[in-house]
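Down below is the structure, laid out as structure tokens.
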Amino acid sequence: MGSYIPATGEERQAMLQAIGLTSVEELFDVVPEAVRVKNLDLPEGLSEWEVSQTMASLAEKNRVFRSVFRGAGAYRHYIPSIVKTVTSKEEFLTAYTPYQAEISQGVLQSIFEYQTQMCELTGMEVSNASVYDGAVAAAEAIFMCQERKRTSVVVSGAADPQTLAVIKTYCESRDVPVTILPVDGCATDPAALQAVLAGDTAAVYVQSPNYFGVLEDMDAIVSAAHGAGAKVIMGVNPISLGLLKPPGEYGVDIAVGEGQPLGMPLSFGGPYLGFMTCKKAMMRKLPGRIVGQTTDAQGNRCFVLTLQAREQHIRREKASSNICSNEALCAMTASVYLAAMGPRGLRQVAETCASHAHYLAGELAKLGFSLRSGEKPFFHEFCTDCPMDPALLCAKLEERGILGGLPVDGGILWCCTELNTKADMDQLIAVIGEVLGK
Amino acid sequence: MGSYIPATGEERQAMLQAIGLTSVEELFDVVPEAVRVKNLDLPEGLSEWEVSQTMASLAEKNRVFRSVFRGAGAYRHYIPSIVKTVTSKEEFLTAYTPYQAEISQGVLQSIFEYQTQMCELTGMEVSNASVYDGAVAAAEAIFMCQERKRTSVVVSGAADPQTLAVIKTYCESRDVPVTILPVDGCATDPAALQAVLAGDTAAVYVQSPNYFGVLEDMDAIVSAAHGAGAKVIMGVNPISLGLLKPPGEYGVDIAVGEGQPLGMPLSFGGPYLGFMTCKKAMMRKLPGRIVGQTTDAQGNRCFVLTLQAREQHIRREKASSNICSNEALCAMTASVYLAAMGPRGLRQVAETCASHAHYLAGELAKLGFSLRSGEKPFFHEFCTDCPMDPALLCAKLEERGILGGLPVDGGILWCCTELNTKADMDQLIAVIGEVLGK
Amino acid sequence: MKLLFERSRPGRGNDLLPPCDVPVTQFDPSLLRGAPLRLPEIAEVDLGRHYTELAKQTHGVNDGFYPLGSCTMKYNPRVNEEAAAQPGFTQLHPLQPVETVQGALEVLATAERLLCEITGMDGMSFQPAAGAHGEYTGLLLIRKYHQSRGDAARTKILVPDAAHGTNPASATMAGFQVVSIPSNQAGGVDLDALRQAVGPDTAGLMLTNPNTVGLFDANILEITQIVHDAGGLCYYDGANLNAVMGQVRPGDMGFDCVHLNLHKTFSTPHGGGGPGSGPVGCKAMLEPFLPTPRVKEADGVYSLFTPEQTMGQVRSFYGNFLVVVKALSYLLTLGKEGIPAASAGAVLNANYLMKQLMDHYDMSYNTRCMHEFVMTLQGLAHDTGVTAMDVAKRLLDFGIHPPTMYFPLIVHEALMVEPTETESPETLDQAAQVFLDILAEAKADPESLHQAPRCCPVGRPDEVTAARSPILRYSFGE
Amino acid sequence: MKLLFERSRPGRGNDLLPPCDVPVTQFDPSLLRGAPLRLPEIAEVDLGRHYTELAKQTHGVNDGFYPLGSCTMKYNPRVNEEAAAQPGFTQLHPLQPVETVQGALEVLATAERLLCEITGMDGMSFQPAAGAHGEYTGLLLIRKYHQSRGDAARTKILVPDAAHGTNPASATMAGFQVVSIPSNQAGGVDLDALRQAVGPDTAGLMLTNPNTVGLFDANILEITQIVHDAGGLCYYDGANLNAVMGQVRPGDMGFDCVHLNLHKTFSTPHGGGGPGSGPVGCKAMLEPFLPTPRVKEADGVYSLFTPEQTMGQVRSFYGNFLVVVKALSYLLTLGKEGIPAASAGAVLNANYLMKQLMDHYDMSYNTRCMHEFVMTLQGLAHDTGVTAMDVAKRLLDFGIHPPTMYFPLIVHEALMVEPTETESPETLDQAAQVFLDILAEAKADPESLHQAPRCCPVGRPDEVTAARSPILRYSFGE
């Protein structure tokens, strides 16, 4: 076993002596004898080689699919080699939250750069340094909109179910009433929204592209919500913003989303990255860490954690949120990804994702998989009916090394990214054709 | 395609203009028109993703064996995680040879540490900064021993065949006569050596443990060679020196070997590491880079490339060798490996290797694989007869995911390291038993 | 240091992807971005060098001593990083069929089993992504528990005044009112005050033990008994578990639920502020309320299930999975002997360092400490004008990350020092010498310490201006 | 900076391996080590920090500008490192059956095909592990060729006086006598001198083109013709291939064999002095003499064979295989358009930087250069006493790796500048400004430049003492 303790037994004995003790047990004599651990039921410690073998065998018990047509909140994109190189640097990896600005300019500047990029990407004015994931970002955004007389929220039912689940949990704990809008043809109906808006509506949360890949009618939604005096929170896939109109251009108040597509591997669900950007007017309601630019005594530009008056270590029970650790290294990952891609690269990714999805939708239609969203525009996901049991179809695809779309309500939610090449799609179509006997 | 050229087309045009040109072609107008390349028959350049896919598919066309009983000059050992972490640091990876000491203290100090460790390991007084591999180290050592009246060498036939081949090539080019000693029961016969030693014998090269794993009778060999006025060069497996008597304690003049076992993966043969250590008296004949300690004007300890008067950039055709680039990063790898292992760790590796080999030899003997080396001591390799066609047996083992020993002269040369666990050996024995129908 | 945006040149870029291999979809122009996207345009060589420069201006625990109190900045072993970087983990979609992710589920189930044993809990969820997120989740467990019993009056959470700021903040987020409990003279919970505070409105107590002054509250069994007797539950803030793991278990001390900081106690790296992982463990009576999904095993096959009265989700999927992979790798390394050895080493190192300083610096409590100790520089500040901040900033010049400053709030001019067990005696000796040298400097030339640090890339930033006139993004010269 | 040995403490260590799981073999005591093995004993945390410190005192090309003439320090792309780190390459035993290493053999065969096309050669061996090793191998090809024809009198290799020092050294190693050929006033080969030197004893000519003063020898076809007419062969030193790859091929210029430096021209990292890779290519008539084994392909199946008149081996196995993997990854990235674009970029960058300096610094030849140019600081040294060494050392203070100093030998006070194509215009502009600032400094305060560098971890080392009283290892206080 190893415990990463450099001191040898002799050295530890000498240290004990220096503090006037003779045994390690005495260090804990303040602990009531009745509850001292007598026998810890853990396996024996292992050497490094044994641990690495054990962990390798655990990894081998999982199946990695070469061809993946599943998204539904977690997306497989190409991760440039420079991204991993940067984020595996030990300085970045093993630093704590940058409380000591003088020796943390690297981390602080990278977050400042991230904040700028997220503002540019979403078309908003202010960004925080990240929250845990896209779902929590949506829930925290709802808390930001709470006012004394406006406490209820309206949430699109076409949002990601993970996000809906987290919103429900968070809102329930603070007694925030939540109305879920019905889904109509894979989209939110602005008329249904109009019908539920009320004088106490604090915010409307809509995701676009939504869970089914459809681009919502954001103009109508924003107009309705703002008309009723409610704030608008828009959930968005950051990759789509390489091409599509950003939340800021729709006039929303807060933009949130899951940053995983920006250079983070699928990783069975985490670490992921919740991003949050907002209008300047809401700046001091934004939860979490925020980095600001300032100068030192010599007038050098430098960066610090700022607006800490919002935070729990000063405000305690009156804080805007309880967030301390966020997803800083994931934010850096996103920042390196966006810098490596650049505006043209990100546009190319978005365009290729959408084009692949539209090609696949067309090919699937020929096999009888009809689009559930009708003529509505979609980005890189789409939901179809399925001429056979979706679970059975997916099982057949898995036999052929393909992770198919996600079975949803008797249909299938498909996803394409830039990594689903034409050849991969044609192979998928061929296999489905075989399975269907066509 | 990418060419890692930051400048854009517009910028390149502006640069051309700055030097008074209008087109890139003019940069090459000094090249005779007749031989300007018209059409380069290369594939189109690829994007990073395509390249990484292509390289991944090439890697997948190879088979990695989980259980490996083959050595014969390349050895699979456990590589501690800290080794890769250190040697993948970009500063070390992307630096040139440390000509500018002031910004290269990291590389220089690491080589100085490596030199010290190799001296300690081999029991010798001076080490160079590495040569290309163990085989070249042996050949270069032979050149070190050339004197005006002593030019011929005697080489053990029980040395690694790769080393023998390189020695032959090198010696032939400098017209150095080579006598190969016959192999007797997997070992060198000191009497045979005695018989060929002559007044013009410059050096004797013996490897121990030799190609067949046997520990040679070094005392007799050194005594015979020195008695005839010849130098002794000993090839050695560095792992064995965690336990066994080092070359220095046998009184040899030069120790050489393949450093790959010290933290370098098998890598289909390279990069590997040739190490060379010698007695102080031969210091100025040692080829290659050497780092020395000195001070700067402020008296700070620092390190520099030294003894450069031996080298080709000063001595040109009179240089002791032509080596410039060596295997510096591999030397650092070995140094980190040795530091991570420490004396007890290296001894444990050596002891476990030998113990595994002896256990396997015993089990194999029960199946009729008799040891060709008789009672001679061996380290972690041994050669046995084979009750069936060795190639056929190995093919059967490969079907079961085992890379067996190397077929050699109708027998098999087996190797065990610390990674061939008892369970792996018992599995091997069971499979062989099945194949033999026992 | 230039910003990415200041390195950008129009038209620069990298060839990362091939052109689109199908007809390009045309969206209605009304759906397209209007304003140009001002992402930086930088070639890989310059991008790489940019981050190399940033890295050189960043101090991580693998670079040097980092005795940041309450943060348990122990060495982050490399083997854990290798384990988590395997494609068999990184390339798994969270919605793959369970039969294709058995190894991943085994990771979660094994980590749960080992951590439950260490904490004395019965079940655990890895969904919380950080310590504060774990606190929130644990408080929701308490809320759900009382709700399930129809005990609607229990709306208050008791929090000692020395607690981490996240405790009251989390309680508020979870819909509770916070009642502050004063500390007694020994730095522990004032039992009388606690007895007076509990009642039918008590939902629970949040406690860190050892507490934030680095002391183990010897009254712990009495404390949890008082709360339980009043019908409340006891929540263990695991921030300081590194002091006692393998020595005493929160479950045995009377705690009903607990969160852990894998990025502290279990050596996963902190990443400059995350990703962390704040799993929540609980006793059996709280298990039905845990977040969904949970992992179970039967006959060697792992599957997911939803606890019957689940609170729902607090995050998507299964939390920061790769962080759990790293922690499991660490747990397997330490095992039965290594876990108590780590806490013993942490406590030994803290006491050893405190011993070397206590004749020169004032300790807030002059008793043996656990894994950290708190110094008060009130006397020094009074005598010389040199503050805890000044001393902390001077440490930077010696390559030492300062202790936590001005916390806990109940100690004036506090410096909270947590060396952890992974530091060698000579590192502690060197640090002690630096502390003593700085003290001498403070007495000889107090003015000079206000100028510290002197050898860092930048001096002390003007934080007031930063907060008053916030510049939170690059302005592109606008 | 402490040495590893100075950080060692008795009994420290790491738990890397389990105990031996079979009975421990006992060797005869006479076979065992006598003296204790004084390897350092260091825990992983301190070992990691040691190398972090060392890394901070090391400047690589991925850290900053590195215009080291003749060394082609171009950016080392990360994707190549990823390609070479795959277990499918790193975990292959060199003696696995060929059917289990088809991908590895395809790497070698593909790299051979692409590099033969670039050089105009017919066959290639990757066995040489570095440039000098390639030179040696190439010269053995020439030796074997003449031997096979019974042409025993050809014992001399012609080498221009401006050649890299490895050329004559390699020729000696290969058993030849060296004949030095003077350069003409334009820095090229003196044709008359060459004509006089060739004869029936001429084995061959070694030539770098562009040569070491950065100029392309326009007489190249005449030069190779003279040698061929005399019965000699022509060897191309590929050190400077980055200037012309994709523009003109050594094979078409009349060269019979060539070595390449994959760690220069083909962007594989240099590792602080290796591992490199110096493959040797040759025309068909030399192929029978190439080292063994070689790779061949038939019907998509790769196998190994021994050339009928092989020189044998110059290294074990197949050379530095992983370096070839990295180079192949680079070759696939650049391809048909990228290869000539790289050389054009290299030449453009060199001329652009030279242009900015030539009004202020004396160039050794005032014509357009290829991928590098040579300045002579003789005038400056004469006027101010500031030498090429002083200027080089001052560059260190600005984070720029100095140019190659005092080479080629035919230029006095030489600084040889090779920016490579991977540097941006602004990096070149900044470097030019630094060169001009240093020049101004040299004129205003020459004395100060003798003290440079001033901002590095150490000052100029005392090299004389290092060589006179060599300390080549740590002495353990003995």
Side-chain angles (χ1 to χ4, degrees), chain A residues 1 3 5-6 15 19 24 27 30 35 42 45 55 58-59 61-64 86 89-91 93-95 97 102-103 105-107 116 132 135 162 165 169 173 265 268-271 292-294 296 302 304 306 312-313 316-317 319 322 325-329 342-343 352 354-355 358-359 422, chain C residues 13 20-22 25 37 39 41 51 54-55 57-62 83 86 88 90-92 94 100 103 129-130 132 165 168-170 172 175 178 216 252 269 271-276 312-313 316-317 320-321 335-336 338 341 344-345 347 351-352 422 424 456 458-459 461 466 471 473-474:
Chain A
M1 68 95 183
S3 55
I5 295 176
M15 292 166 78
I19 59 173
V24 162
L27 292 169
V30 63
V35 291
L42 294 180
M55 298 309 292
L58 284 168
K61 288 183 189 169
N62 301 312
R63 182 151 171 221
V64 173
V86 167
K89 285 179 188 285
E90 283 200 308
E91 294 89 344
L93 190 64
T94 74
T97 302
E102 296 87 345
I103 54 165
Q105 286 298 300
V107 166
T116 306
Y132 311 132
Q162 305 276 331
T169 306
S173 76
F268 201 54
Q293 177 182 318
T294 185
D296 70 4
C302 60
V304 286
T306 192
Q312 78 297 326
H313 62 281
R316 299 180 75 86
E317 64 267 26
N322 67 341
S325 292
N326 46 45
E327 305 283 311
L329 198 66
T352 307
S355 303
H358 285 75
Y359 174 83
K422 179 168 183 300
Chain C
C20 188
D21 54 356
V22 297
T25 299
L37 180 55
L39 293 176
E41 299 175 68
Y51 285 102
L54 291 186
Q57 303 205 1
T58 304
H59 179 91
V61 68
N62 284 18
Q86 299 179 94
T90 62
Q91 296 191 24
L92 297 185
T100 66
S170 299
T172 300
V178 173
F216 188 91
D252 299 339
Q313 287 184 232
S316 58
F317 308 117
N320 280 342
F321 173 72
K336 191 183 180 66
V347 174
N351 278 287
Y352 178 74
T422 65
S424 66
C456 291
V458 299
I471 302 174
R473 49 163 297 177
Y474 178 68

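Lettering follows sequence order; numbering is per chain, from 1.
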Where on C:V61 is there a heavy atom nearer than 4.5 Å to chain A: the side chain, the backbone, both, or neither?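 Looking at C:V61, backbone and side chain both touch chain A.
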C:Q91 portion near chain A, given a 4.5 angstrom heavy-atom threshold: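 Both parts, heavy atoms under 4.5 Å.
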Closest approach of [X] and [Y], non-hydrogen atoms and distance?
X      : Y      : result
C:K336 : A:L42  : CB-O, 3.6 Å
A:T116 : C:Y474 : OG1-N, 2.9 Å
A:P265 : C:T90  : CB-O, 3.5 Å
A:E90  : C:N62  : OE2-ND2, 2.8 Å
A:D296 : C:G459 : OD2-N, 2.8 Å
C:G276 : A:E327 : N-OE2, 4.4 Å

[X] versus [Y]: any side-chain heavy-atom pair under 4.5 Å?
X      : Y      : answer
C:N351 : A:L27  : yes
C:Q57  : A:I103 : no
A:M55  : C:Q86  : yes
A:Q105 : C:C456 : no

Under a 4.5 Å cutoff for heavy-atom pairs, which residue among [options] has the most contacts with chain A?
options                        : answer
C:S170, C:G272, C:G175, C:A129 : C:G272
C:G60, C:G312, C:G271, C:P269  : C:G271
C:A83, C:G345, C:G13, C:G103   : C:G103
C:P461, C:G273, C:G274, C:S424 : C:G273

Not counting sequence neighbours, which residues clear side-chain contact (heavy atoms from CB on, under 4.5 Å) with C:T25? List them please.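 Partners of C:T25 by the side-chain contact (heavy atoms from CB on, under 4.5 Å) criterion, ordered by chain and then number, come out as A:S355, A:H358, C:F27.
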Which one wins on heavy-atom pair count under 4.5 Å against chain C: A:K422, A:Q162, A:Q293?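 Looking at each option in turn, the highest pair count goes to A:Q162.
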Among residues at least two apart in sequence or on other chains, which ones pass ring-ring contact (aromatic ring centres under 6.0 Å, His included) with C:F321?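 If we apply the ring-ring contact (aromatic ring centres under 6.0 Å, His included) test to C:F321, skipping adjacent residues, the hits are A:F268, C:F89.
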For C:G88, is there any backbone N or O sitting under 3.5 Å from a side-chain donor or acceptor partner on A:N62?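 Side chain of A:N62 to backbone of C:G88, a donor-acceptor pair under 3.5 Å: yes, one is there.
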Main chain of C:A132, side chain of A:N322: is a donor-acceptor contact present, judged purely on distance under 3.5 Å?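 The answer is yes, because a donor-acceptor pair under 3.5 Å joins these two groups.
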